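Since this is a predicted model, take the numbers as computed values, not measurements.
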Amino acid sequence: MFGALATLVISLAVSSSALVSAHPRNALNHHKRDKACTRRDGGYKLQEVYEGKSFFDGFDFYSDDDPTHGLVNYLPQNQASKLAYVQDDNTVVMAVDDFSDVPVGGKRDSVRISSKKAYSDGLFILDVYAMPHGCSVWPAYWMVGNDVEWPNGGEIDIIENVNEATQNQVTLHTGPGCSINKGDGLVTKTLATVSTLFGTECASSDGNNAGCAFGMQDNSSYGHGFNHQAGGVYAHTLEDDGIKVWFFTRGQIPADITARKPDPSTWPTPVAAFPSTDCNIKEHFKAQNIIFDITLCGDWAGAAYSSSGCPGSCEQAVADKTNFQVAQWQIASLQVYQK
């Protein structure tokens, strides 16, 4: 997606939808700065940069069955060279197979990767040129605690929606005892300006796994609208006092992000805010692995397909390889900062 600005992605037709995520994201088995400088960068120091030719060195490829029951074959790295690669301009691409014939009801090849390193806290900045979308398509950029059984290690879904949705959804999944305090000042401000609250109870299970979620109101936050403007930046913090998510269109990226000296205290209202008032973040969110995936149909995209404005059935969509020409992540960089 990134490096030199990629050609704008020509996306499929758009229809808006706001859906509540319902999916069990099983674990993977799943030199010193002076005071003035510290103020300018918000106290965050760059720890890792995932980008360019070395991007995939920091990730493991997942090749087991999709735990969300999607119609995909996740390929190991040694078989995924046509779906996971770095372009000459250093844009990182992860895609769904758009060149093979698949029978109706069959599975299509795709990619899911998980960071080798896990993070207990930090500021994570993803600069992305394009994201997957389309009928049957369910992409996600998320984090999950893999050392304990899901959802007790916590899960943070930063980018996620299905089919031809145009608005991103940010969701948390946790064990019992975590919820959103609607009376919190930052939550109130977020709801008054940029997002809608889809649920306050973050506790999830296989039988009740919607989680707590903010639905963004910006049609450029997901899918065709996002890709049409050459994407943008999603940034989020994971700290003891809460989890916050920001979104910046390509033309609105703050200068401190571009300079790699980010200071979230200077940024506008986050699009999602999960304060620690009614959720002990340190208790509910163990060290988190970063995950990118693209599944098809499955528990959410499949269930929502008939109301999404897409033709035929989800299984028929998967069988049509022309549906997946824009079903790909195009990434410039993922930066991790910690205090």
Side-chain angles (χ1 to χ4, degrees), residues 31-51 119-128 141-143 154 156-159 168-172 178-197 202 212-218 220-221 231-285 287-288 290 332-339:
H31 4 329
K32 181 176 180 181
R33 301 170 183 258
D34 59 25
K35 292 181 180 178
C37 184
T38 299
R39 285 196 296 270
R40 282 199 302 272
D41 65 11
Y44 283 104
K45 298 181 180 180
L46 185 62
Q47 301 297 320
E48 276 94 28
V49 181
Y50 301 94
E51 66 182 349
Y119 302 90
S120 298
D121 59 79
L123 165 62
F124 307 82
I125 299 179
L126 176 68
D127 187 346
V128 56
Y141 160 54
W142 52 294
M143 301 179 74
I156 310 167
D157 300 325
I158 305 103
I159 301 177
N168 185 45
Q169 181 170 308
V170 181
T171 307
L172 299 188
C178 178
S179 61
I180 297 175
N181 180 356
K182 291 196 295 184
D184 179 88
L186 186 56
V187 174
T188 300
K189 189 175 182 180
T190 294
L191 295 177
T193 55
V194 290
S195 295
T196 301
L197 190 60
C202 309
C212 53
F214 287 86
M216 294 173 60
Q217 299 170 0
D218 187 344
S220 66
S221 64
V233 161
Y234 272 93
H236 73 280
T237 53
L238 169 61
E239 302 292 357
D240 289 353
D241 64 353
I243 295 168
K244 304 180 188 73
V245 180
W246 290 264
F247 167 61
F248 304 102
T249 61
R250 179 64 54 194
Q252 298 175 330
I253 299 172
D256 61 339
I257 288 182
T258 302
R260 297 192 172 181
K261 295 182 178 180
D263 183 359
S265 69
T266 67
W267 299 347
T269 304
V271 297
F274 305 91
S276 62
T277 45
D278 289 348
C279 182
N280 186 319
I281 300 299
K282 191 170 185 177
E283 176 183 322
H284 287 285
F285 291 87
Q288 303 274 302
I290 303 165
S333 67
L334 171 62
Q335 303 158 33
V336 180
Y337 299 80
Q338 291 177 317
K339 291 183 178 182

**Q** Which atom pair, heavy atoms only, marks the closest approach of V336 to I290?
**A** CG2-CD1, 4.4 Å

**Q** Looking at side-chain heavy atoms only, is the closest gap between H284 and L172 below 4.5 Å?
**A** no

**Q** Could you tell me which non-hydrogen atom of T188 sits nearest to which non-hydrogen atom of K182, and how far apart they are?
**A** OG1-O, 3.3 Å

**Q** With a 4.5 Å cut-off on side-chain heavy atoms, are V194 and D218 touching?
**A** no

**Q** Does some side-chain heavy atom of Y141 sit less than 4.5 Å from a side-chain heavy atom of L334?
**A** yes

**Q** Decide yes or no for P254 and T266: does some side-chain heavy atom of the first lie under 4.5 Å from some side-chain heavy atom of the second?
**A** no

**Q** Using side chain to side chain contact (heavy atoms under 4.5 Å, CB included), reason through I180 and L197 one step at a time and then give a plain yes or no.
**A** CA-CA 10 Å; I180 297 175; L197 190 60; 3.7 Å; yes

**Q** Is it true that a side-chain atom of D256 and a backbone atom of D263 form a donor plus acceptor pair closer than 3.5 Å?
**A** yes

**Q** Distance from I281 atom CD1 to S276 atom OG, nearest 0.5 Å?
**A** 6.0 Å

**Q** Any donor-acceptor pair under 3.5 Å linking the side chain of D121 with the backbone of K282?
**A** no

**Q** So, for L191 and T196, which heavy atoms are closest and what is the spacing to 0.1 Å?
**A** CD2-C, 3.9 Å

**Q** Would you give the length of the straight line joining atom CH2 of W267 to atom CD of Q252, rounded to the nearest 0.5 angstrom?
**A** 14.0 Å

**Q** Within this structure, what is the CZ-CE distance for the pair F124 and M143, rounded to the nearest 0.5 Å?
**A** 3.5 Å

**Q** Give me the atom names and distance for the closest heavy-atom approach of T249 to S220.
**A** CG2-OG, 3.6 Å

**Q** In Å and rounded to the nearest 0.5 Å, what is the CD1 to CH2 distance from I158 to W142?
**A** 10.0 Å

**Q** Which atoms form the tightest heavy-atom contact between S221 and Y234, and what is the distance?
**A** O-OH, 2.6 Å

**Q** Name each donor-acceptor pair under 3.5 Å that joins a side chain in residues 237-248 to protein atoms two or more places apart or in another chain, with its distance.
**A**
unit_1: E239; atom_1: OE2; unit_2: Y44; atom_2: OH; d: 2.7
unit_1: W246; atom_1: NE1; unit_2: P268; atom_2: O; d: 2.9

**Q** Would you say the SG of C178 sits under 2.5 Å from the SG of C212?
**A** no

**Q** Minimum heavy-atom separation for V187 and A273, please, with both atom names.
**A** CG2-O, 3.5 Å

**Q** Y50 and E48: side-chain donor and acceptor closer than 3.5 Å?
**A** no

**Q** Do F274 and C279 have side-chain heavy atoms sitting under 4.5 Å apart?
**A** no

**Q** To the closest 0.5 Å, what do you measure between NZ (K339) and CG (L123)?
**A** 9.0 Å

**Q** Under 3.5 Å, is there a donor-acceptor pair between the side chain of T190 and the main chain of P270?
**A** yes

**Q** Are the side chain of S195 and the backbone of V271 linked by a donor-acceptor contact shorter than 3.5 Å?
**A** yes

**Q** To the nearest 0.5 Å, how far apart are CZ in R260 and CG in L46?
**A** 6.5 Å

